[in-house]
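Take a look at the structure set out below.
Protein chains get the first letters and strands the later ones, always in sequence-line order, with residue 1 at the start of each. Computed from a predicted structure; not experimentally measured.
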Amino acid sequence: MPKLTKTGHNRYLLPRTGAMQVDALLFLNDALRSQLAENSVELQQLCDAAALPGVFGPVVGMPDIHAGFGLPIGGIMATRAHGGVVSAGAVGMDINCGVRLLATKIPADILDKPTLRALMQAIEKRIPAGVGGKSRHHRLCREGLEDALTHGARGLVSKGYGIRADLDRCEESGCLSGAQTAAVSAKALQRAAQLSTLGGGNHFLEMGIVEIIEDESAANTFGLEKGMLTVLIHTGSRGFGHQICTDYTEIMFKAAKNYGIHLPGKGLAACPTDSPEGSNYLAAMACAVNFAFANRQLITFDIREAFQEVLGETDLAVVYDVAHNIAKFEEHFGEKLLVHRKGATRALPPGHGENPVCYVATGHPAIVPGSMNSPSYVLTGTEAAKESFCSVNHGAGRVMSRSAAKKHISREQFMSSVGDVLLNTRNYKQLLDEAPPAYKNINDVVDTLADIGLTKITARLQPLAVIKGQGDD
DNA sequence: ATGTCC
């Protein structure tokens with residue numbers, strides 16, 4: 001493995017060596033660099049990805065990088081659309097894990113704690129959270145599933161679960177083309193009954209306040225105003241996407257040798273993009289992408305209903321909905337590429353034609369969720385971000401494994417790290433692996449990119465009330 | 001991330 005070499009401010013390189021076809025490029029400040037061990041798993045994973053056939057360099061590591069299954073989380077791997085490979089593990093288990101931000105016209109300071117608690121309860125009553133969990137929209141899951149998988153949020157809006165403006169403010173307008181349910185296993189389809197559930201792990205629903213505005217003009221365009229209440233939805237394709245990743249990792253792992261592909265491990269199992277295995281994966285992946293868009297659309301519907309019940313208010317406007325685990329065909333450096341973003345958020349620069357019409361002048365918002373009491377960010381892409389295939393980070397990134405967090409974070413540390421934020425804690429021990437000390441400092445992570453012009457900060461959101469999925473104990 | 005190992 002090559003030595004991690006500093007090449008500039010907040011900039012490191014793993015120069016191509018051995019089987020690597022291309023370099024790996026990382027963005028780290030001094031604090032984040034010191035948290036990354038030489039020869040660490042995440043660095044090895046970047047080098048492994050750089051050795052796949054048809055990879056178009058560099059493989060990129062974001063400042064929130066940490067070890068994942070195959071490609072690290074916080075990793076971007078572009079492959080040639082023709083002559084390259086697609087890897088299920090390089091998209092991730094939670095296909096189209098992503099965030100949707102809603103803006104309200106409600107000044108956050110008029111909501112006292114009992115009102116916030118009432119809103120939390122009205123939301124929790126409607127949206128199952130935690131591992132497992134069955135949808136309360138049973139009829140939709142039964143009769144509308146095919147439509148949700150092929151048309152995503154668009155299918156739901158046409159059924160009355162939202163408005164046209166919601167779709168205008170979603171990546172891909174809430175529907176990724178190319179979805180084919182025939183490419184999805186029966187086992188995965190069974191797990192699709194989780195439509196409109198939150199899930200566990202790092203997923204959450206959060207009410208927050210627009211605390212700082214750094215780019216007044218972009219904030220205006222996005223409908224964000226200082227002091228106003230926001231709602232952030234962080235979830236993905238649940239057991240459905242998980243099953244598709246598992247299924248196709250197995251299929252690709254077995255088929256790779258037929259294409260003469262040497263795999264560094266199962267996590268990066270890959271097949272040619274135009275092979276039957278590769279194109280079937282992309283057709284199934286699109287179903288999971290659409291499932292997640294539909295999931296966030298239904299959750300939006302439920303949250304609007306909850307606000308109606310408690311406040312008599314349904315004016316919750318979608319600011320944007322963006323994936324951070326996805327593979328998409330895009331053009332970069334004049335080449336047609338398949339960009340795998342795993343724990344990385346697309347951030348197109350101003351003027352880029354793929355922006356939604358309403359956001360062409362600013363570039364679409366790239367929404368970066370914090371964790372519990374950590375702030376979330378609204379960012380935009382820049383011309384300089386073309387270096388990272390128009391991508392920014394996706395969160396803070398783990399600094400402690402789940403098991404290490406459960407072992408080392410004390411009750412006192414947990415309580416003080418949560419501070420004044422209202423949390424639906426049933427048993428704090430279940431939330432230790434999600435507590436802020438288990439993560440890197442999100443301000444460091446965002447500043448690492450902002451300092452070198454790879455992104456521009458629009459606004460910072462401070463959490464007020466957070467709903468996390470938990471088990472029964 | 002995940003019916004946290006069919």
For atom CD of A:Glu434 and atom P of B:dT4, their distance in whole Å = 17 Å
Near DNA chain B, under 4.0 Å by heavy atom, which residues of residues 396-408 of chain A?
-> A:Arg402
Does A:Glu330 have any salt bridge (charged side-chain N to carboxylate O under 4.0 Å, His left out) partners at least two apart in sequence or in another chain, and if so, which?
-> A:Arg341
Determine: side-chain N/O of A:His203 to OP1/OP2 of B:dT2, distance under 4.0 Å, yes or no.
-> yes
Return the value, rounded to whole Å, for the distance between atom CG of A:Asp94 and atom C1' of B:dT2.
-> 9 Å
Any ion pair linking A:Glu305 and A:Arg136 (charged N to carboxylate O, less than 4.0 Å)?
-> yes
Partners of A:Tyr377 by ring-ring contact (aromatic ring centres under 6.0 Å, His included), sequence neighbours excluded?
-> none
Whole-Å distance between B:dC6 C1' and A:Glu250 CD?
-> 14 Å
For A:His340, what residues pass the ring-ring contact (aromatic ring centres under 6.0 Å, His included) criterion, not counting sequence neighbours?
-> none
Send over the distance from A:Phe69 CZ to B:dT4 P, rounded to a whole Å.
-> 17 Å
What does A:Gly200 touch in the nucleic acid at a heavy-atom separation under 4.0 angstrom: a base, only the sugar-phosphate, or nothing?
-> sugar-phosphate
Rounded to the nearest Å, what distance is computed from the NE2 atom of residue A:His242 to the C1' atom of nucleotide B:dC5?
-> 12 Å
Looking at residues at least two apart in the chain, or sitting in another chain, which of them share a salt bridge (charged side-chain N to carboxylate O under 4.0 Å, His left out) with A:Arg33?
-> A:Glu38
Whole angstrom value for the distance that separates C1' of B:dT2 from CD of A:Gln190 = 16 Å
Output all residues satisfying ring-ring contact (aromatic ring centres under 6.0 Å, His included) with A:His151, sequence neighbours left out; order by chain, then residue number.
-> none
To the nearest Å, give me how far apart CZ (A:Phe240) and P (B:dT2) are.
-> 14 Å
Rounded to the nearest angstrom, tell me the gap between atom CG in A:Asn295 and atom P in B:dT2.
-> 10 Å
